[in-house]
Amino acid sequence: MPMSAHEIENLLRDAFPDADIQVGGSDGVHMSAMVVDESFRGKNRVQQQRAVYAALKGKMDGPDGDLHALALTTKVPE
């Protein structure tokens with residue numbers, strides 16, 4: 001079942017309450033997200049993106065995942 005941008009943002013907001021989060025896409029299956037959060041400081045890109053995927057609580061896992069693709073950008077605030 002596709003996910004709305006709002007649903008994705010809510011999951012990310014739970015994990016990164018102080019982050020600047022932007023979620024885009026219109027079909028609910030192929031989406032994009034940018035998460036800018038201080039918690040990423042000192043972490044490499046893989047660690048940052050793993051944290052975001054963990055926040056999605058398995059919504060991308062397995063053949064029945066709700067979200068097929070997420071173009072993800074993670075950053076540390078400037």
Side-chain angles (χ1 to χ4, degrees):
M1 170 178 248
M3 294 181 70
S4 71
H6 183 70
E7 290 174 294
I8 295 167
E9 184 174 346
N10 284 343
L11 288 171
L12 295 175
R13 183 79 48 213
D14 287 345
F16 307 101
D18 298 322
D20 177 14
I21 299 171
Q22 298 174 19
V23 178
S26 60
D27 68 2
V29 178
H30 301 91
M31 303 294 283
S32 64
M34 181 170 63
V35 181
V36 181
D37 193 64
E38 185 62 37
S39 70
F40 296 147
R41 192 170 302 280
K43 294 181 180 175
N44 64 40
R45 294 277 183 193
V46 172
Q47 292 168 322
Q48 293 172 16
Q49 293 190 358
R50 282 182 180 158
V52 171
Y53 290 132
L56 294 174
K57 301 179 181 181
K59 297 293 184 180
M60 292 188 71
D61 295 342
D64 296 324
D66 295 333
L67 186 59
H68 174 69
L70 181 66
L72 180 57
T73 302
T74 55
K75 297 181 180 181
V76 175
E78 294 181 8

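The structure presented is a predicted model; accordingly, all values stated were derived computationally and were not measured.
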- [ ] Evaluate side chain to side chain contact (heavy atoms under 4.5 Å, CB included) for M3 paired with M31, printing each intermediate quantity in order.
- [x] CA-CA 9 Å; M3 294 181 70; M31 303 294 283; over 6 Å; no

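- When all heavy atoms of F40 and A51 are compared, the closest pair comes out as CE2-CB, 4.4 Å.
- Heavy atoms only, all atoms of each residue included: L67 and G28 are closest at CD1-O, 3.9 Å.
- Taking D18 as the reference, nothing meets the side chain to side chain donor-acceptor pair (under 3.5 Å) condition, with sequence neighbours excluded.
- Judged as a side chain to side chain donor-acceptor pair (under 3.5 Å), and not counting sequence neighbours, S32 has no contacts.
- Other cluster members for V46: none, since no ILVMFWY side-chain heavy atom sits under 4.5 Å from it.
- Sorted by first and then second residue, the pairs that involve residues 44-55 and meet side chain to side chain donor-acceptor pair (under 3.5 Å), not counting sequence neighbours, are Q48-T74.
- Not counting sequence neighbours, the partners of H30 by the side chain to side chain donor-acceptor pair (under 3.5 Å) test are D27.
- Put simply, CG on L12 and CG on L70 are 7.5 Å apart, with the number rounded to the nearest 0.5 Å.
- Remark: N10 pairs with H6 by the side chain to side chain contact (heavy atoms under 4.5 Å, CB included) rule, at least two apart or across chains.
- Cluster membership check: V29 does not share its hydrophobic cluster with I8, using side-chain heavy-atom separations under 4.5 Å among Ile, Leu, Val, Met, Phe, Trp and Tyr.
- Contacts of S39 classified as side chain to side chain donor-acceptor pair (under 3.5 Å), with partners at least two apart in sequence or in another chain: D37.
- Under a 4.5 Å side-chain heavy-atom cut-off, the cluster of Ile, Leu, Val, Met, Phe, Trp and Tyr residues that includes M34 is completed by V36.
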